[in-house]
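Fair warning: this is a prediction, and the values are worked out from it, not measured in the lab.
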Amino acid sequence: MRALTIAREFLTTRSLIYAPKQFSQQLQQQRHQPKATEETYVPFSQLQQQRKLLESELITILDGCNDLHQIKQVHAQILYNGLNQCCYVLTKLIRMLAKFNVPMETYPRLVFDQVRYRNPFLWTALIRGYLLQGSLRDSIVLYGSMRKEGIDPVSFTFSALFKACSEVLDVSLGRQIHAQTILVGGFTSDLYVGNTLIDMYVKCGCLGCGRKVFDEMPEKDVISWTELIAGYAKGGDMESAAALFDGLPLKDMVAWTAMVTGYAQNAMPGKAIQYFERMQNAGIETDDVTLVGVISACAQLGAVKYANWVCHTAERSGFINNVVVGSALIDMYSKCGIVEDAYRVFERMKERNVYSYSSMIVGFAMHGQGHAALKLFHEMVETDIRPNRVTFVGVLTACSHMGLVEQGRQLFASMEKCYGVAPAADHYACMVDLLGRAGRLEESLELAQTMPVDPHAGVWGALLGACHIHGNPDIAQIAASHLFELEPDGIGNYIVLSNIYALAGRWDDVSRVRKLMKRKGLKKNPGYSWVEGKNGVIHEFVANDLTHSKSSEIRQVLEDILDRLKAHGYQPNLSCVPRDVSDEEKERILMTHSEKLALAFAMLTTSVGCTIRIMKNVRICEDCHVFMCGASQIIEREIVVRDNMRFHHFRDGKCSCGNFW
DNA sequence: CTAGGGTTAG
């Protein structure tokens, strides 16, 4: 008891003596209340705490400012609260002013000059601001005056400068400061400085330099490792990333995630999922960022089983409410062929952004639901979310698939005028595609030849594809000649051109293209079809592949469907075989196309009534398209086929693509 | 103060 009383007395005395001026008024009031009880009395430690709270509150508000006006208001509050000498808050103020591109020489400089005792952080904020605004000389002069005033640079000075360099991607400037660091003495051995330095080199694409800093650092932490791992992953070098990861003594969640997303970004979805499972087995937690990596991997795999698994994981963890996770899920379900589930995710999202809308619009377009895509676009522009270039690629392809030429034209014209999105080559490709598919090949060609942006392979490819649909070998030749220049090794272009010639019966030209391919050493990549069998096992089929264990049953099923289809008036489309062989042989070849084998296999192995999903790596041929339409009616099942990147939903004898593909 | 994230075309 006695000890407690003494302690209380001590505290009371101290607080009266050491109270700062700003609070004298408050303390005066306390002095004139000699009978202050414990409830009305505010000790100094608490005042200090209040001040700290106020400071951090102001910093949070500053952080959330969206424009200069808001910042100015907070500045007024800072002055009102007597914090015009508080380096901590003013540092944040200057950083925000720099972020909103207020010229350093004006407002921020004024704030800085009014502070009497400036700490290195305040200096750094100003120097960094000048750097970000491209005034290298001013920032160096300032650095000099800072040293003259006897302020030693802290490690933060350098890490802030490196961060500024990585933000403006100026690696030569970064190198100069790196040299400075070494001159001043040993700051690169500081963990923070070293890490920011690595990050700068990595972000600027100088992986070698980053590695050198890493190797020379006397002390590294998991952040140093992860920066480099992510750098290798971004550069597409997963082998180096994996080698580094293996040597990492303490692997945390972020490091694991870097590997998962690295594999996902480099088109190795299987590896990504494998790492995710290893990560879970190691007892590492996962968060929203990890999930996004796995979801993107599942989208690439296109396997429904994995898609549902990862969606449940997201639901269980609660991260399903994260916008990025939601948008990734939309994309995944679209790419797995279940656009309904994609829309379900979209509907349930609490927050949406341009990615969510674009992914959903692209998803609808991919599945031939062009009207749904356009409707969603119109809903989107009613919100304050602005469409971007990807959104327009989505709506334009939607128009193209529905044959909505006029609507597409209007949207294209509105891009820049109403939404400030300048049409890029991609958008011209969409327009060339739109006109070409609609049969307006001359207009399409003219657009490709006169467009103000340099046409890329996508533009000529769209035209070539349109020539294939409408059988125009002359315009095809023009498109192909551009493509052969832009993509000399693009095997698909040679094949499409030769198919167009075959369709027109120009067999001499066909063999000319074939010889060209041979001379270039290009080989046709075979068309595959995949079906997810029981327990999520993926079965692969190639045309004319009779090695499958159920081959004879598959043939039996196909013959059965063929007979019933023929009874309904189906005729095999022999022009789909671009070879100069007999009609019987053509008919036989048609029946061994991989998607037909896959269909028969799926009928043998899946239960009646459930949707059959087939994934392909090349475009579905016209005969298979008609065949699938008929088959969906005869077997009374929905058949979903993904060719290259588009989905066909065959139901009751009709396809969702409306024969526009 | 430092590390890992999503949408696009033939």
Atom [atom1] of [X] to atom [atom2] of [N]: distance rounded to whole Å?
X        : N     : atom1 : atom2 : value
A:Met380 : B:dT7 : CE    : P     : 16 Å
A:Met415 : B:dT8 : CE    : C1'   : 12 Å
A:Asp426 : B:dT7 : CG    : C1'   : 13 Å

Distance alone, cut at 3.5 Å: any donor-acceptor contact between the side chains of [X] and [Y]?
X        : Y        : answer
A:Ser358 : A:Thr391 : yes
A:His456 : A:Tyr428 : no
A:His401 : A:Arg646 : yes
A:Ser240 : A:Asp237 : yes

Indicate, with a heavy-atom threshold strictly under 4.0 Å, whether [X] touches base, sugar-phosphate, or nothing.
X        : answer
A:Arg128 : nothing
A:Lys335 : sugar-phosphate
A:Ala425 : nothing

Query raised in the report: Knowing that exactly one of A:Trp256, A:Trp225, A:Tyr232 qualifies, which makes a ring-ring contact (aromatic ring centres under 6.0 Å, His included) with A:Phe245?
Result: A:Trp256
Query raised in the report: Is any side-chain N of the basic residue among A:Glu443 and A:Arg409 closer than 4.0 Å to the acidic one's carboxylate O?
Result: yes
Query raised in the report: Under 4.0 Å between a Lys/Arg side-chain N and an Asp/Glu carboxylate O for A:Glu340 and A:Arg344?
Result: no
Query raised in the report: Would one find a side-chain N or O of A:Arg646 under 4.0 angstrom from OP1 or OP2 of B:dG10?
Result: yes
Query raised in the report: Which residues in residues 469-483 of chain A have at least one heavy atom lying under 4.0 Å from any atom of DNA chain B?
Result: A:Leu483
Report summary line: A correct 5'-to-3' footprint of nucleotides 1-6 of chain B, with B, S and - meaning base, sugar-phosphate only and no protein heavy atom under 4.0 Å, is BBBBBB
Report summary line: Taken in chain and number order and not counting sequence neighbours, the residues that satisfy side-chain contact (heavy atoms from CB on, under 4.5 Å) with A:Pro578 are A:Asn499, A:Ala502
